[in-house]
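Each remark here refers to the structure printed beneath this line.
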Number of protein chains: 2
Amino acid sequence: MRDVAEAANVSTTAVSRVLHGGGPGVRVSEERAAQIRAVAERLNYRANALARNLRTSRTHTVGVLFENMRGMGDGPLYTTHLLDGVASVLFRNGYRLTLLAEIDHNNVIGSLGDGQLEGVIWCKLARDEETVALIRSTPIPIVAFNAATPTDGEATQYVNCDNEGGMELAVEHLWELGHRKIAFVYESEEYSTPDCIARREGYDQAIARRSGVPLTLGSPWYLVF
Amino acid sequence: MRDVAEAANVSTTAVSRVLHGGGPGVRVSEERAAQIRAVAERLNYRANALARNLRTSRTHTVGVLFENMRGMGDGPLYTTHLLDGVASVLFRNGYRLTLLAEIDHNNVIGSLGDGQLEGVIWCKLARDEETVALIRSTPIPIVAFNAATPTDGEATQYVNCDNEGGMELAVEHLWELGHRKIAFVYESEEYSTPDCIARREGYDQAIARRSGVPLTLGSPWYLVF
DNA sequence: TTGAAAGCGCTAACAA
DNA sequence: TTGTTAGCGCTTTCAA
């Protein structure tokens, strides 16, 4: 930047203002501005984001943390779609996305506090005490995704799936079409997950509410389709 | 850091050396070191990666750029597995992974030159002139993944799939088992991709080399399985 | 073994 | 409209 400033016979301030949007009211004459841009182009100037980040304490980067990243390729495509959606929204708004390693929590604390992230989307947030404590002391905002419902007034945003409500809607839909034998089918490997449990309960209740006959089928039934 | 230094009655240099691995030969007495660590703990000190990055010109971050990120959730899981593999290796080596938006190439140039990335893994690198020019002028190393084979001596590393060689091996294997009716099956949506074309050619040649009978089947045949 | 001082490249008061 | 100056938090010679 100094090279550009000297070559253009202006201050680095002027260069900064012209090339990087400048502060409130970019007060540089169009003449000078054009000249600066020309020189910058000629000198092949590239702004250094590291310096700017340090100075402004902003990185335009948010982290995404998966509780188990390994499984991204296995199982259902849930994780993949999630990442895809998060990425597209972030990019659209000029943000970068950094994938965080789901390693030891000590390191997680370090990651969240080192200034490189402006926020974190935490998928499948565990609700153990350690994690809750971490959340309380984190210097940046965290959004918990697909986590268990929050217990108390934590300083965290949650985006969750309304499993019970969804099952109620699903059963209602089929019921109104006249169906009475409505099965709940699950993948055996998911059976003990909170989501699956909640859905099954939602299904049971929705059926019971209509005095219907519950029917639950394990994953082998999939092969019938 | 200055707070820690003052509270411990040492210089920031000492703090830096003790808390952040220090330069060549961490020459601080164990006594002082322990004290510094204690004070840092008490003051809840967190190193600022932004400042360190700026000073050292290192970020321990590599970017990953997909030619079409949107499709990550659709089609085959190729992209997902790729990302999974890249991430696990990077994390294991203390690197971060930043997903890059596959927007206009101007911005890509900016992304690569702003100092935040130490290298880029570029998946499905197009070989148009614009991209080649970009690669030539990039300030950081690029690894092209699953791109077309390089034409000339470019300053880029390529990691590609040996489609012809793979088909030769596959045909050889079946042939040696005694099979003579060997079909090449493709997904119709992939038929015009470079990979599929190369594989088909490899198949044709491997079959021809053995005076066998080529047989190519489009995707509907998948449904038979 | 320890610290003083310079500086990474940029931005933002504040003055002119 | 333009420039001067200080400083973000850290690392690293260099001298003591």
Side-chain angles (χ1 to χ4, degrees), chain A residues 1-40 43-61 94 110-118 139-140, chain B residues 1-37 39-40 43-61 110-118 139-140:
Chain A
M1 229 176 84
R2 201 179 55 214
D3 289 347
V4 173
E6 286 175 0
N9 252 316
V10 298
S11 68
T12 57
T13 307
V15 177
S16 173
R17 286 208 264 244
V18 171
L19 262 32
H20 316 319
V26 189
R27 320 204 126 286
V28 177
S29 64
E30 194 41 58
E31 183 186 9
R32 275 208 176 310
Q35 184 192 2
I36 290 173
R37 270 187 281 265
V39 172
L43 262 43
N44 199 29
Y45 168 78
R46 297 271 171 260
N48 182 317
L50 266 33
R52 197 217 291 249
N53 289 348
L54 173 61
R55 178 61 227 239
T56 60
S57 294
R58 299 219 36 174
T59 59
H60 290 280
T61 301
S111 299
L112 304 192
D114 72 356
Q116 289 189 106
L117 267 23
E118 293 190 5
I140 57 174
Chain B
M1 228 175 83
R2 202 180 53 214
D3 289 347
V4 174
E6 286 176 359
N9 252 317
V10 297
S11 68
T12 57
T13 310
V15 177
S16 173
R17 286 207 263 242
V18 171
L19 262 33
H20 314 322
V26 188
R27 321 205 126 285
V28 177
S29 64
E30 193 40 59
E31 184 188 9
R32 275 205 176 314
Q35 184 192 2
I36 289 173
R37 270 187 280 265
V39 172
L43 262 43
N44 198 30
Y45 168 78
R46 297 272 171 259
N48 183 316
L50 265 35
R52 196 217 291 250
N53 289 349
L54 173 61
R55 178 61 226 241
T56 60
S57 294
R58 299 219 36 175
T59 59
H60 291 279
T61 301
S111 300
L112 304 192
D114 72 358
Q116 290 190 105
L117 267 24
E118 293 189 6
I140 59 174

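Remember, predicted model here, so these are calculated numbers, not experimental data. Lettering of chains follows the sequences in order, A, B, ..., and the numbering in each one begins at 1.
- B/Val28 and B/Ala33 get closest at one heavy-atom pair: CG1-N, 3.9 Å.
- The CG-P distance, from B/Asp114 to C/dC8, rounds to 19 Å in whole Å.
- Annotation: the span from B/Met1 atom CE to B/Arg52 atom CZ amounts to 10.0 Å, rounded to 0.5 Å.
- Between B/Ala7 and B/Val39 the shortest heavy-atom distance is CB-CG1, 3.7 Å.
- In terms of the side-chain hydrogen bond (donor to acceptor under 3.5 Å, both in side chains) criterion, residue partners of B/Arg58 (sequence neighbours excluded) are, by chain and number, B/Tyr95, B/Glu118.
- Judged as a side chain to side chain donor-acceptor pair (under 3.5 Å), not a single pair has a partner in residues 2-15 of chain B (not counting sequence neighbours).
- For the pair B/Ala51 and B/Arg32, nearest-nucleotide mapping onto DNA chain C gives the more 5' position to B/Arg32.
- To the nearest angstrom, P of D/dT2 lies 11 Å from CD of A/Glu30.
- DNA chain C is contacted by B/Asn9, B/Val10, B/Ser11, B/Thr13, B/Ala14 of residues 3-15 of chain B, taking any non-hydrogen atom closer than 4.0 Å.
- Among all heavy-atom pairs drawn from B/Asp114 and B/Leu117, the shortest one is OD1-N, 4.4 Å.
- When B/Glu30, B/Arg37, B/Arg32 are each tested for a side chain to side chain contact (heavy atoms under 4.5 Å, CB included) with B/Val18, only one passes: B/Arg37.
- Near DNA chain C, defined here as any heavy-atom distance below 4.0 Å, the residues from residues 53-61 of chain B are B/Leu54, B/Arg55, listed numerically.
- Residues passing the side chain to side chain contact (heavy atoms under 4.5 Å, CB included) test with A/Ala40, sequence neighbours excluded: A/Val4, A/Leu19, A/Tyr45.
- Rounded to 10°, the helix from C/dT1-D/dA16 to C/dA16-D/dT1 has 40° between the axis fitted to its first five pairs and the one fitted to its last five.
- Using a 4.0 Å cut-off, no side-chain N or O of B/Arg52 falls inside it from OP1 or OP2 of D/dG9.
- Following rounding to the nearest Å, A/Tyr45 (OH) and C/dG9 (C1') show an atom-to-atom distance of 8 Å.
- Partners of B/Gln35 under the side-chain hydrogen bond (donor to acceptor under 3.5 Å, both in side chains) rule, at least two apart in sequence or in another chain, do not exist in this structure.
- Across the protein-nucleic acid pair, B/Leu50 atom CG and C/dG9 atom P stand 15 Å apart, rounded to whole Å.
- Here D/dC10 presents its C1' atom at 13 Å from CD of A/Gln116, a figure rounded to the nearest Å.
- Looking at every heavy atom in both residues, B/Gly113 comes nearest to A/Arg46 through O-CB, 4.0 Å.
- As rounded to whole Å, 8 Å separates atom C1' of C/dC10 from atom CG of A/Asn48.
- Nucleic acid contact class of A/Arg2 (heavy atoms, under 4.0 Å, all strands): none.
- Between B/Ser29 and C/dT1 there is no side-chain N or O to OP1 or OP2 distance below 4.0 Å.
- Computed from coordinates, the B/Met1 CE to C/dA4 P distance equals 13 Å when rounded to whole Å.
- With sequence neighbours left out, the side-chain hydrogen bond (donor to acceptor under 3.5 Å, both in side chains) criterion links A/Glu31 to no other residue.
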Dump the pairs, protein N or O against N or O of nucleotides 14-16 of chain C, anything under 3.5 Å, distances to one decimal.
none

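- A search for side chain to side chain contact (heavy atoms under 4.5 Å, CB included) contacts involving B/Leu50 returns A/Asn53, A/Leu54, A/Thr59, A/Gln116, B/Asn48, not counting sequence neighbours.
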